[in-house]
Amino acid sequence: MVPHLVTALTGPINELEQRILESTPVIERWFRLEWMEHTPPFYTSVDIRNAGFKLAPVDTNLFPGGWNNLTNEMLPLAVQAAMAAIEKICPEAKNLLLVPENHTRNMFYLMNVAQLQRIFYSAGLNVRIGSLNPEVKEPTPIDLPNGERIVLEPIIRQGRRIGLKHFDPCTILLNNDLSAGVPGMLEDLHEQYVLPPLHAGWHVRRKSNHFRAYEEVAKRFGKLVGIDPWLINPMFAHCGQVNFAEGTGFECLQSNVDALLTKIRRKYKEYGIQERPFVVVKADNGTYGMGVMMVRDAAELSNLNRRTKNKMNVIKDGQQVSDVIIQEGVMTHERIHDAVAEPVVYMMDRYVVGGFYRVHAERGVDENLNAPGASFVPLAFEKSALQPQPGSKPGASVPNRFYMYGVVARLAMLAAAYELEATDPEAEHDA
């Protein structure tokens, strides 16, 4: 099932799909060469918005939850990719310690942990779940709504290694985005592979760095297939000294919002787009759809109500927001049964392994769908997203649409690879 686009503006997207399909061999070779030079993040999920006139990633997560939303048909792909990823890093791996987020009450999240455990078990590893939560003092079984059970165990540190009682892993898989910083337990580990690396966490990562890297990738890709990179790239700006609680630093915010809206209007005019442009102001680090607001006019910023200021002031783990990214808003014109939908693509190593639509019946085309009330509809990735169907009319074929999503998602993953290289504390940077 491919959601229909509720817009007459499918022209540019269908042209983009056509161009990408025609260039498949060139694109795949280009990716192959890139992955010879750069290491893909261990696993990645990318939120994509399809406006009918542009298709762009709006968020890239390097510690993706939500693996439980992939269908059983997709699991063999994930298992194969997991095998390839582990083989590259630690071919003799036997034991894997999975370290999840601390919120032990969120059943959907824990079903995601169970799915990850299943994927890596099927890839041939003994997988146990080690919790950093100080409340977990002994092995704690948790029954999940789908009838499964997982066991959280307290992590034990011995010297410069971590593990569990009678369990010494060679690989640590983090499904914890380190928003609050790196716990001492995970620092200075010796001879154990930590995946993704610690500097992929939100205590280091910045969305503005990611989209700066993505802008480079989009330019090169645009040149490769002969398209305007704007069609796949959300423009952005950055402000570093905003205090929502005290209402300071707003001049930077207003002038950047104003400048970005002007740029977007210019592009809309060039493409004959009648929609009203908007920008998204969000915390430059952090996840969970927190600290996000939509702005259509810079003047709106001078009279934000207290509720909005409070919402923007603090994100996950009580982190206060001072850095924001101002991103070109990409509306989503895809619908499933009249509800607004956006695709989320999941990758492991350099492979697309599946994805789903995030659907929200109460939200509009220009709103954040990562909010309470969202539901998830698996993408029809049964036919691998890497097998386009040449000869189909653009906009009509499910595999072709998903191939295009897979290409844009891999561009975002490549940008994340560049970003991780630039922030790697152990890399030898040229002075």
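Atoms considered below: every heavy atom in the structure, side chains included; atoms not considered: hydrogens, waters and symmetry mates. Note that the structure is predicted; figures quoted are calculated from it, not measured.
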Please lay out, stage by stage, how Asn175 and Asn112 fare under the test side-chain hydrogen bond (donor to acceptor under 3.5 Å, both in side chains). CA-CA 10 Å; Asn175 195 244; Asn112 145 75; 3.2 Å; yes
Using side-chain contact (heavy atoms from CB on, under 4.5 Å), reason through Ile150 and Leu152 one step at a time and then give a plain yes or no. CA-CA 7 Å; Ile150 59 170; Leu152 300 181; 4.3 Å; yes
Derivation and outcome, salt bridge (charged side-chain N to carboxylate O under 4.0 Å, His left out), residues Asp143 and Arg149: CA-CA 4 Å; Asp143 292 316; Arg149 163 180 281 200; 2.9 Å; yes
Start with the C-alpha gap between Ser179 and Asp177, add the side-chain angles, then the distance that decides, and say whether side-chain hydrogen bond (donor to acceptor under 3.5 Å, both in side chains) holds. CA-CA 6 Å; Ser179 291; Asp177 64 21; 2.8 Å; yes
When you look at Asn69 and Tyr346, which way does the side-chain hydrogen bond (donor to acceptor under 3.5 Å, both in side chains) test go after all the steps? CA-CA 10 Å; Asn69 294 315; Tyr346 274 60; 5.6 Å; no
Between His199 and Glu419, is a side-chain hydrogen bond (donor to acceptor under 3.5 Å, both in side chains) present by the stated rule, with each step listed? CA-CA 10 Å; His199 67 278; Glu419 175 199 354; over 6 Å; no
Let's go through Asp323 and Val242 carefully: what are the C-alpha distance in whole Å and the side-chain angles of both, what is the deciding distance for side-chain contact (heavy atoms from CB on, under 4.5 Å) to 0.1 Å, and is it a yes or a no? CA-CA 6 Å; Asp323 262 18; Val242 186; over 6 Å; no
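For an aromatic pair to be called close, the ring centres must be under 6.0 Å apart, and Phe63 with Trp202 fails this. Between Tyr268 and Phe53, the gap from one ring centroid to the other is short of 6.0 Å.
A heavy-atom distance below 4.5 Å is not found between the side chains of Val99 and Leu173. In this structure, the side chains of Leu195 and Ile172 stay at 4.5 Å or more apart for every pair of heavy atoms. Residues Ile129 and Val151 fail the side-chain proximity criterion, which asks for heavy atoms closer than 4.5 Å. Between Arg401 and Leu55, every side-chain heavy-atom pair lies at or beyond the 4.5 Å cut-off. A 4.5 Å side-chain heavy-atom check between Ile86 and Phe120 finds at least one atom pair inside the cut-off.
Distance alone, capped at 3.5 Å, is enough to place a donor-acceptor pair between the Arg161 side chain and the Pro169 backbone. Judged purely by atom type and a 3.5 angstrom limit, Gln192 has no side-chain atom pairing as donor or acceptor with the backbone of Leu189. Between the side chain of Asn61 and the main chain of Ser45, no donor-acceptor pair closer than 3.5 Å is present. Checked by atom type and distance alone, the side chain of Asp349 never pairs as donor or acceptor with a backbone atom of Tyr351 at under 3.5 Å. Judged by distance alone, the side chain of Asn285 and the main-chain N or O of Arg206 form no donor-acceptor pair under 3.5 Å.
For Arg410 and Phe31, the positive end sits near the middle of the six-membered ring, less than 6.0 Å away and at most 45° from its axis.
Atom CD of Glu187 has more than 12 neighbouring heavy atoms from other residues, nucleotides or ligands inside a 6.0 Å radius. For OH of Tyr121, the number of neighbouring non-hydrogen atoms (other residues, nucleotides, ligands) closer than 6.0 Å is 12 at most. The environment of Glu270 atom CD is dense: over 12 non-hydrogen atoms of other residues, nucleotides or ligands sit within 6.0 angstrom.
When each of Arg128, Lys165, Lys137 is checked for a salt bridge (charged side-chain N to carboxylate O under 4.0 Å, His left out) with Glu153, only Arg128 meets the rule.
Expressed to the nearest 0.5 Å, how far SG of Cys252 lies from CD1 of Ile326 amounts to 6.0 Å. Taken from CG in Leu178 to CG in Leu186, the straight-line distance is 7.0 Å, to the nearest 0.5 Å. Rounding to the nearest 0.5 Å gives a distance of 11.0 Å between OG1 of Thr60 and CG of Leu414. To the nearest 0.5 angstrom, Lys263 atom NZ is 9.0 Å from Phe236 atom CZ.
A salt bridge between Glu34 and Arg350 is absent, with no side-chain N of the basic residue lying under 4.0 Å from a carboxylate O of the acidic one. A salt bridge is defined here as a Lys NZ or Arg NE, NH1 or NH2 lying under 4.0 Å from an Asp or Glu carboxylate O, and Glu215 with Arg212 fails to meet this definition. Using a cut-off of 4.0 Å between Lys/Arg side-chain N and Asp/Glu carboxylate O, Lys207 and Asp284 are scored as not salt-bridged. Between Glu328 and Lys54 there is a salt bridge, since at least one side-chain N of the basic residue sits less than 4.0 Å from a carboxylate O of the acidic one. In summary, Lys267 and Asp228 engage in a salt bridge, as defined by a charged side-chain N under 4.0 Å from a carboxylate O.
Tyr405 and Tyr357 have perpendicular rings, their planes meeting at more than 60° on a 0 to 90° scale where under 30° would count as parallel. Relative orientation of the His38 and Tyr418 rings is tilted, given thresholds of 30° and 60° on the angle between their planes.
Minimum heavy-atom separation, Leu62 to Ala416: CD2-CB, 3.8 Å.
Side-chain atoms of His333 and Glu275 include a donor-acceptor pair closer than 3.5 Å.
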